[in-house]
Amino acid sequence: MRQRLYEFDDIRAFAALSVIAIHATAPYVTEEMTGFVWNQLMRYAVPLFIILSGFLLYYADRKKGTVHYGQFMRKRLTKIFIPYVIWTIVYTLFKMREEIADKGAEALPDVGGALLSFLSDGSAFVHLYFLIIMFQLYLLYPVLRLWVKHRANQALFVSFFCTFLTQTWVYIHDITKWGVQIPQVTRFLPVWLFFFVLGMYTARYKEGWEAWLRRNGLLVAVCWLVSIVLLLVDSRITETYGASIKPTVVLYTITSYFLFYYICMGLRRWQKQGEGFVQWLSTQSFLVFLLHPLILTVLRILPREYGDDAIWDGVIGMLGLFTATTGMTLLLTYIISFTPLASILGGVRAGRK
């Protein structure tokens, strides 16, 4: 029986809420200091999901001699490809709802053309690029697994150099306009490669770095504090507060990963293992990720439609928007989990692990 890693339930559940927070606070970063700080504090979210994916894949396969490439691809790509197609259709229809309402059937060619374009690059909505990244990482996983298995330090160093160099290039171009712009940069594999390899690396050496963490928790906390200060200063001075592709985010993500794991190791679980809200949210985190921008956008549109724009103003409005988005997303996720639609929308059917 496979051992469940409860620390990763905690981290994945927290990362799911962190992604919601990034999107909910985005309109406030230039208006409210609280919004700016909260938004930057959550910048680890997407890279952290990639680290967790690399860790859990490698850890599940750690005792296998080889991974059957075709079987792996069918399982993993099917798991994200079907939800990707469905949610791309949903967000395309949502984006083009006014044109569809005005033109009716005459809008179908435009909708079809937009859908094909969105499917090719994950641009139907702000978050779907993540699935394009995961497609690429899954395609490379069997090769990366062998690399980490036989030359782990080399894999970690090379992937770090690749990601850090690419992110630095993007960062410098964003603030100076110097150099060649990388097209579709958020979908560019080298930008994210290190995080996936880091997850695999820490899965291979899990016992060793866990023991190190237990002895050096204070050092990790200090490093985390330094990294978030650097990120806040960087974002403020360079006005790159909307970017998650920059060197300070790489550093902040690494320290956040180890700090969160250290904290989760020390938590006394207040529920029976295998039950409770945290594990449920961890299990349904992919559906939460895919669904929440739709809920958030609807919540922001409705007040404008009914002439009450002020409802989301200020810090109170920001907290209300985050709370409402989170609550409605979790409620709909819970309802969907009891239907046959759960798996094709990215969730897990209730009663299944």
Side-chain angles (χ1 to χ4, degrees), residues 2-22 37-60 62 148 152-153 155-157 159-160 163-164 192 194-234 244 246-283 285 288-289:
R2 183 179 296 176
Q3 178 187 5
R4 190 172 187 95
L5 302 172
Y6 292 99
E7 294 87 354
F8 283 86
D9 280 334
D10 297 338
I11 297 173
R12 187 158 54 182
F14 188 60
L17 297 178
S18 299
V19 173
I20 299 176
I22 284 180
V37 174
W38 189 5
N39 183 274
Q40 298 308 294
L41 281 168
M42 303 293 105
R43 282 289 153 185
Y44 56 75
V46 169
L48 187 57
F49 267 125
I50 297 174
I51 293 173
L52 297 179
S53 296
F55 184 102
L56 295 171
L57 278 175
Y58 192 93
Y59 192 80
R62 68 194 186 283
V148 171
N153 291 334
L156 188 69
F157 175 79
S159 64
F160 175 79
T163 292
F164 194 82
W192 309 103
F194 166 71
F195 301 115
F196 195 65
V197 173
L198 175 62
M200 297 168 67
Y201 185 93
T202 52
R204 180 177 178 187
Y205 296 110
K206 180 174 180 290
E207 291 75 17
W209 64 264
E210 277 185 351
W212 184 89
L213 268 184
R214 289 190 181 94
R215 299 191 306 267
N216 296 279
L218 180 59
L219 174 62
V220 172
V222 170
C223 290
W224 179 87
L225 185 60
V226 170
S227 69
I228 185 55
V229 170
L230 289 173
L231 175 58
L232 289 169
V233 171
D234 174 25
S244 291
K246 52 184 180 180
T248 49
V249 173
V250 176
L251 176 62
Y252 179 56
T253 300
I254 295 170
T255 60
S256 295
Y257 171 51
F258 289 112
L259 178 65
F260 295 163
Y261 196 90
Y262 174 76
I263 292 171
C264 291
M265 282 196 303
L267 287 177
R268 180 174 299 175
R269 301 193 67 84
W270 51 274
Q271 295 170 317
K272 290 173 61 179
Q273 286 189 341
E275 296 180 358
F277 173 74
V278 171
Q279 185 186 333
W280 176 85
L281 179 54
S282 173
T283 301
S285 59
V288 169
F289 174 82

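Values below: all heavy atoms of this structure, side chains included; hydrogens, waters and symmetry mates excluded.
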With rounding to the nearest 0.5 angstrom, report the [atom1] to [atom2] distance, [X] to [Y].
X     : Y      : atom1 : atom2 : result
Phe8  : Leu56  : CZ    : CG    : 6.0 Å
Leu5  : Asp10  : CG    : CG    : 11.0 Å
Leu57 : Arg62  : CG    : CZ    : 13.0 Å
Ile11 : Tyr261 : CD1   : OH    : 7.0 Å
Asp9  : Leu281 : CG    : CG    : 9.5 Å
Ile51 : Trp192 : CD1   : CH2   : 11.0 Å

Using atom types as modelled, flag every donor-acceptor pair under 3.5 Å from a side chain in residues 213-224 to any protein atom, sequence neighbours excluded.
unit_1, atom_1, unit_2, atom_2, d
Arg215, NH1, Ala211, O, 3.4
Asn216, ND2, Trp212, O, 2.8
Trp224, NE1, Ser256, OG, 3.1

* Is any side-chain heavy atom of Ile20 closer than 4.5 Å to a side-chain heavy atom of Val288? -> yes
* Is any side-chain heavy atom of Ile22 closer than 4.5 Å to a side-chain heavy atom of Trp38? -> no
Identify the two heavy atoms, one from [X] and one from [Y], that lie closest to each other, and give their separation to 0.1 Å.
X      : Y      : answer
Gly54  : Met200 : O-CG, 3.3 Å
Leu231 : Arg43  : CD2-CB, 4.1 Å
Val197 : Ala155 : CG1-O, 3.8 Å
Ala45  : Ser18  : CB-CB, 3.9 Å
Ser53  : Phe196 : C-CE1, 4.0 Å

* Asked: Is the number of heavy atoms from other residues, nucleotides or ligands under 6.0 Å of Phe157 CZ greater than 12?
  -> no
* Asked: Does any pair with a residue in residues 246-266 pass salt bridge (charged side-chain N to carboxylate O under 4.0 Å, His left out), and if so which ones, sequence neighbours excluded?
  -> Asp234-Lys246
* Over 60° means perpendicular and under 30° means parallel, so classify the ring planes of Phe289 and Phe49, tilted if in between. => perpendicular
* Asked: Which class fits the ring pair Tyr59 and Phe55: parallel under 30°, tilted 30 to 60°, perpendicular over 60°?
  -> parallel
Under a 3.5 Å distance rule, please check whether [X] uses its side chain to pair with a backbone N or O of [Y] as donor and acceptor.
X      : Y      : result
Arg12  : Leu52  : no
Trp209 : Thr202 : yes
Tyr252 : Leu41  : yes
Thr163 : Phe160 : no

* Step by step, work out the side chain to side chain contact (heavy atoms under 4.5 Å, CB included) result for Val250 and Phe195. => CA-CA 9 Å; Val250 176; Phe195 301 115; 4.0 Å; yes
* Does the ring of Tyr201 carry Arg204 above it, NZ/CZ under 6.0 angstrom from centre and within 45° of its axis? -> no
* Asked: So, do Tyr44 and Phe260 have ring centers that fall under 6.0 Å from each other?
  -> yes
